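All of these numbers come straight from a predicted model, not from anything done at the bench.
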Amino acid sequence: MKHVFTAMAIAVALFSGTTRAFAWGQQGHALVAEVAFHYMDETTKNNILQYLDGMSIEDAANWMDAIKSDHANDYMKPYHYLDLEKGATQMPSGDNILTVLNRTLQELDHKETLSHDEIKRRILILFHLIGDLHQPLHIAYPSDKGGNTIQLNFMSGHGTNLHATWDSEIIEYKATSLSDVLNSKKYTTEQMAAVEKIDIIGWAKQSRGYLKEAYSLKNNKADIQYVDSVYPIIKSQLLDAGIRLASVLEHYFKANT
């Protein structure tokens, strides 16, 4: 499988030096992992669990956020997102979510050259960044740091920001369950095949396409009308992220290892 995106389907620009909040929050990332294990075949599940060495899939999905507290890992902060100005025409440079995911897949194409711990680390990257890629505000604008500087009032209860609202506020407010995500959309066999296709750029474009809805706030309030209008998108993106994580892991780990 060819993963290098030398001719990208979208024109992008990378802007460094911004600060980012966690994506999806712990619950959202856990849901992505749970969806993946719902769709994954048993052989792949067992192989992945062997590499995780007793780590739960929920912890695996949140590992890249958990290690942020150690400043030795600060070099990984740009891995979680890609800043794209509207109408950007430059190709990305440096480490960002697209380049890191692409590099990880390339390395797993030759996983026979990797140690157990090296493969485990790449699995942890996939668990987390495939989730991050499906949070639209991780493929957003540098001017507001992916919605982090847009302050708003959530359900007339407390102050937060747009990024955090999508990461966790809405998911928690709706008490989102695995069943809610799994039932958020039904795919035909043909549609499922299209969703499962490994296409990092296509996944990024899909997330980017929801920014209009994400920014459709009125008077800097995330009221019930806003929450109800974007909640189906959030559930659908969590579902697609989980299905695609399962697809990637099956591609590399379905065979006995």
Side-chain angles (χ1 to χ4, degrees), residues 19-39 55-69 77 79-81 97 124 127-140 144-185 203 206-246:
T19 301
R20 286 292 180 272
F22 298 164
W24 285 136
Q26 290 188 354
Q27 185 177 351
H29 276 294
L31 285 167
V32 170
E34 291 165 4
V35 170
F37 263 59
H38 174 84
Y39 280 97
M55 179 184 289
S56 71
I57 60 172
E58 292 81 8
D59 286 344
N62 282 287
W63 175 79
M64 285 190 72
D65 280 345
I67 63 173
K68 286 181 176 179
S69 58
K77 288 181 178 180
Y79 291 10
H80 297 255
Y81 62 91
I97 192 168
L124 295 175
F127 261 87
H128 192 84
L129 294 190
I130 289 176
D132 277 0
L133 188 62
H134 287 76
Q135 210 277 46
L137 290 162
H138 274 245
I139 313 292
D144 59 29
K145 299 183 179 180
N148 276 287
T149 65
I150 297 180
Q151 301 301 305
L152 56 85
N153 186 286
F154 184 78
M155 297 297 294
S156 299
H158 61 273
T160 184
N161 64 65
L162 181 60
H163 194 107
T165 295
W166 277 68
D167 277 356
S168 56
E169 299 277 8
I170 293 175
I171 292 172
E172 294 173 3
Y173 176 78
K174 290 289 192 177
T176 307
S177 67
L178 175 60
S179 178
D180 292 331
V181 176
L182 292 175
N183 293 321
S184 63
K185 186 185 295 184
W203 302 347
Q206 176 179 313
S207 291
R208 180 86 165 174
Y210 289 122
L211 289 181
K212 180 179 179 180
E213 289 83 358
Y215 284 89
S216 63
L217 294 162
K218 294 181 178 179
N219 301 317
N220 291 92
K221 293 182 179 179
D223 56 17
I224 190 62
Q225 288 78 19
Y226 177 83
V227 170
D228 285 347
S229 68
V230 302
Y231 185 49
I233 297 172
I234 291 174
K235 289 189 293 183
S236 177
Q237 286 294 94
L238 291 170
L239 176 65
D240 285 356
I243 291 172
R244 288 162 174 166
L245 174 59

Quick one: does [X]'s side chain get under 4.5 Å of [Y]'s, heavy atoms only?
| X | Y | value |
| --- | --- | --- |
| Asp180 | Lys174 | no |
| Tyr231 | Thr176 | yes |
| Leu239 | Tyr39 | yes |
| Leu238 | Ile171 | yes |
| Ile139 | Trp203 | no |
| Val35 | Leu245 | no |

About how many Å separate [atom2] of [Y] and [atom1] of [X], when rounded to the nearest 0.5 Å?
| X | Y | atom1 | atom2 | answer |
| --- | --- | --- | --- | --- |
| Lys221 | Lys218 | NZ | NZ | 12.5 Å |
| His134 | Asp132 | NE2 | CG | 11.0 Å |
| Leu137 | Lys145 | CG | NZ | 15.0 Å |
| Asn220 | Leu152 | CG | CG | 6.5 Å |
| Phe37 | Glu58 | CZ | CD | 9.0 Å |
| Ile243 | Ile130 | CD1 | CD1 | 12.5 Å |

Which heavy atom of [X] sits nearest a heavy atom of [Y], and at what distance?
| X | Y | answer |
| --- | --- | --- |
| Val181 | Ser184 | O-OG, 2.7 Å |
| Met55 | Leu124 | SD-CD2, 3.6 Å |
| Ala164 | Asn161 | N-OD1, 2.8 Å |
| Gly25 | Ser168 | CA-CB, 4.5 Å |
| Tyr215 | Ala140 | OH-CB, 4.1 Å |
| Asn148 | His163 | ND2-ND1, 3.5 Å |

Hey, does the side chain of Ser236 reach the backbone of Ile233 with a donor-acceptor pair shorter than 3.5 angstrom?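 No, because the side chain of Ser236 does not come within donor-acceptor range (under 3.5 Å) of the backbone of Ile233.
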
Determine whether a donor-acceptor pair (N or O, by modelled atom type, separation under 3.5 Å) exists between the side chain of Asn62 and the backbone of Gln26.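 At least one qualifying donor-acceptor pair exists.
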
Please determine whether side-chain contact (heavy atoms from CB on, under 4.5 Å) holds for the pair Glu169 and Val227, giving the CA-CA distance in whole Å, both sets of side-chain angles, and the decisive distance to 0.1 Å. CA-CA 10 Å; Glu169 299 277 8; Val227 170; over 6 Å; no

Please work out whether the ring planes of Phe154 and Tyr173 are parallel, tilted or perpendicular, with thresholds of 30° and 60°.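 Rings of Phe154 and Tyr173: perpendicular, as their planes differ by over 60°.
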
Ring geometry between Tyr81 and His138 (parallel below 30°, tilted from 30 to 60°, perpendicular above 60°):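 Correct class here is perpendicular.
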
Can a donor-acceptor pair be found between the side chains of Gln206 and Gln237 at a distance below 3.5 Å?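 Distance-only check passes for Gln206 and Gln237.
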
With ring centroids as reference points, do His29 and His128 lie under 6.0 angstrom apart?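 Yes, the ring centres sit under 6.0 Å apart.
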
Worked check of side-chain contact (heavy atoms from CB on, under 4.5 Å) between Asp59 and Phe127: CA-CA 10 Å; Asp59 286 344; Phe127 261 87; over 6 Å; no

